[in-house]
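Read through the structure below, which is laid out as structure tokens, and then see the notes.
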Amino acid sequence: MKKLACIFLTLAVCASCSVKEDRDACPSFLRLTVTRQAGNVYQDGLAWCGMYDGDGTRWAVSPLTRMDVRDTLLRYAVSPRRTVRAVVSSSEAVSGRVEPQTGEEFPKLYAYGKDVVCLDELVNDIIYQQDKQYCNLTVQLSEVAVPLAPELVVSVDAPYSGTLFPSLEPCTGHYLYRTVFDASGRASLRLPRQGGEGLRLMVQKPDAFSSGYDLYEEMRRAHYDWASPSLSDFEITVSLNSVEGDLVVEDWTIVDIPGKEF
């Protein structure tokens with residue numbers, strides 16, 4: 001029995017990394033901090049962190065618990081040592097993307113990704129920001145059209161339906177969302193990031209008439225940047241036979257927690 005125990009101990013030591021061996025074969029231990037700092041925390045908190053390889057394969061996913069009150073420290077063993085991509089987001093990526101179910105509105109998605117070089121035995125890195133991955137579109141009826149507001153439906157039709165992970169680029173798919181105007185003739189819709197032409201706005205009175213607009217072109221004329229890391233909001237005025245657009249850049253809303261310092 002003593003001989004067997006001795007053999008087992010020898011095998012266990014050989015399987016690990018010792019100071020006498022080439023330690024390049026040992027895993028890299030990554031300590032990744034997702035931090036909540038004043039000025040860098042927005043109204044929709046992070047919920048998930050995914051770890052990806054260069055080919056887009058996700059090999060780990062971690063919930064970010066209690067991000068409203070403290071930083072989160074995540075630990076990963078990266079073997080073999082390599083460059084990995086860490087992506088934090090407010091929604092979990094399912095099948096490599098975030099997109100709504102048919103007929104639902106695109107979520108308030110915040111996400112940020114960075115490459116982390118894990119070639120040393122111990123690596124420390126930090127993620128301290130997140131980017132807004134959607135556009136708040138406000139549609140305002142012109143003054144003469146406001147009386148029709150209770151009878152009208154507004155919708156957006158887009159060829160890009162969501163966000164790919166880990167690249168955070170737009171993914172192709174049919175996005176269609178409908179809503180109604182309020183009494184003042186205003187309506188709000190969330191748009192996923194777009195990658196090209198095809199985005200259209202429709203205002204219609206069911207069983208009566210409809211007016212369609214090339215929303216992508218109108219936003220292009222207003223110099224809207226779909227490639228910006230954080231998407232701005234956009235406001236458009238519709239008179240049922242013409243359209244005017246304005247770019248709206250809103251300040252981040254920071255969540256303050258009484259009695260907490262970060």
Side-chain angles (χ1 to χ4, degrees), residues 42-44 46-48 50 52 54-58 61 85-115 129-140 153-180 187-204 210-238 243-250:
Y42 314 132
Q43 57 188 356
D44 292 86
L46 299 174
W48 299 93
Y52 298 82
D55 61 359
T57 301
R58 188 177 73 179
V61 61
R85 185 165 178 81
V87 182
V88 293
S89 62
S90 56
S91 299
E92 184 183 9
V94 179
S95 300
R97 61 183 61 196
V98 171
E99 60 183 347
Q101 298 293 322
T102 302
E104 293 182 356
E105 190 173 16
F106 188 70
K108 293 181 178 180
L109 176 64
Y110 293 82
Y112 176 79
K114 69 180 303 184
D115 293 330
Q129 71 182 80
Q130 53 183 307
D131 292 325
K132 183 167 163 280
Q133 303 294 326
Y134 65 95
C135 166
N136 276 319
L137 172 68
T138 300
V139 183
Q140 173 66 60
V153 175
V154 60
S155 62
V156 289
D157 196 330
Y160 296 87
S161 59
T163 302
L164 291 172
F165 280 62
S167 66
L168 302 183
E169 295 176 350
C171 63
T172 56
H174 186 207
Y175 179 63
L176 178 63
Y177 181 72
R178 296 183 177 89
T179 189
V180 295
S188 240
L189 309 94
R190 284 193 297 274
L191 305 179
R193 186 182 295 274
Q194 298 296 296
E197 297 179 353
L199 176 63
R200 291 190 60 78
L201 175 71
M202 184 76 68
V203 178
Q204 58 189 138
S210 64
S211 296
Y213 311 94
D214 187 340
L215 184 56
Y216 188 88
E217 176 62 17
E218 292 297 331
M219 296 176 78
R220 185 193 68 79
R221 290 177 183 174
H223 305 290
Y224 190 86
D225 184 9
W226 284 109
S228 173
S230 260
L231 293 178
S232 301
D233 295 332
F234 194 78
E235 185 167 332
I236 199 164
T237 300
V238 174
V243 63
E244 297 179 355
D246 292 305
L247 183 65
V248 179
V249 180
E250 297 182 351

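Predicted model, so just to flag it, every value in this text is computed and none were measured. FYI, side chains are in, hydrogens and waters are out, and symmetry mates aren't considered; it's all heavy atoms of this structure.
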Flag side-chain contact, heavy atom, 4.5 Å: Asn136 against Phe234: no
Contact summary for Pro229 and Asp131, nearest pair of heavy atoms: O-CB, 3.1 Å
Shortest non-hydrogen contact from Gly196 toward Tyr160: N-CE1, 3.4 Å
Side chain Arg193, main chain Cys171, donor-acceptor under 3.5 Å: no
Beyond-backbone contact of Trp48 with Val88, side-chain heavy atoms, under 4.5 angstrom: no
Nearest-0.5 Å distance that lies between atom OG in Ser188 and atom CD in Glu105: 8.0 Å
Under the salt bridge (charged side-chain N to carboxylate O under 4.0 Å, His left out) test, residues paired with Asp115 that sit two or more places apart: Arg85
Atom of Pro166, atom of Gly56 and distance for their closest heavy-atom approach: CD-CA, 4.0 Å
Atom pair OH (Tyr177) and CG (Leu191), whose distance is rounded to the nearest 0.5 Å: 11.5 Å
For Glu197, salt bridge (charged side-chain N to carboxylate O under 4.0 Å, His left out) partners two or more places apart: none
Rounded distance (nearest 0.5 Å) linking atom OG of Ser230 with atom CD of Gln130: 8.5 Å
Proximity of Tyr216 and Tyr224 rings by center, below 6.0 Å: no
Donor-acceptor contacts under 3.5 Å from residues 93-102 side chains, at least two apart:
{"unit_1": "Glu99", "atom_1": "OE1", "unit_2": "Ser161", "atom_2": "OG", "d": "2.6"}

Minimum heavy-atom distance between Ser89 and Ala111, given as atom pair plus value: CB-CB, 3.9 Å
Closest approach of Met219 to Cys135 (non-hydrogen atoms, all atoms of both residues): CE-SG, 4.2 Å
Worked verdict on Val156 versus Tyr175 for side chain to side chain contact (heavy atoms under 4.5 Å, CB included): CA-CA 8 Å; Val156 289; Tyr175 179 63; 4.0 Å; yes
Closest heavy-atom pair and its distance - Ala158, Leu199: CB-CD1, 3.6 Å
Spacing of Asp233 atom CG and Arg190 atom CZ [to the nearest 0.5 Å]: 11.0 Å
Distance (rounded to the nearest 0.5 Å) between Leu231 CG and Tyr134 OH: 10.0 Å
Verdict with supporting geometry, Thr163 and Phe106, side chain to side chain contact (heavy atoms under 4.5 Å, CB included): CA-CA 10 Å; Thr163 302; Phe106 188 70; 3.7 Å; yes
Under the side-chain contact (heavy atoms from CB on, under 4.5 Å) test, residues paired with Gln140 that sit two or more places apart: Val146, Arg186, Thr237
Test item: Gln194 side-chain N/O and Pro192 main-chain N/O as donor-acceptor pair under 3.5 Å: yes
Side chain to side chain contact (heavy atoms under 4.5 Å, CB included) between Leu137 and Leu215, intermediate numbers included: CA-CA 10 Å; Leu137 172 68; Leu215 184 56; 3.7 Å; yes
Cation-pi geometry met for Lys108 and Tyr110 (6.0 Å, 45°): no
Arg220: partners by salt bridge (charged side-chain N to carboxylate O under 4.0 Å, His left out), with sequence neighbours left out: Glu217
Under 3.5 Å: donor-acceptor pair, side chain of Ser91, backbone of Leu109: no
Asp157: partners by side chain to side chain donor-acceptor pair (under 3.5 Å), with sequence neighbours left out: His174
Pair Val61-Tyr52, side chain to side chain contact (heavy atoms under 4.5 Å, CB included): steps then yes or no: CA-CA 9 Å; Val61 61; Tyr52 298 82; over 6 Å; no
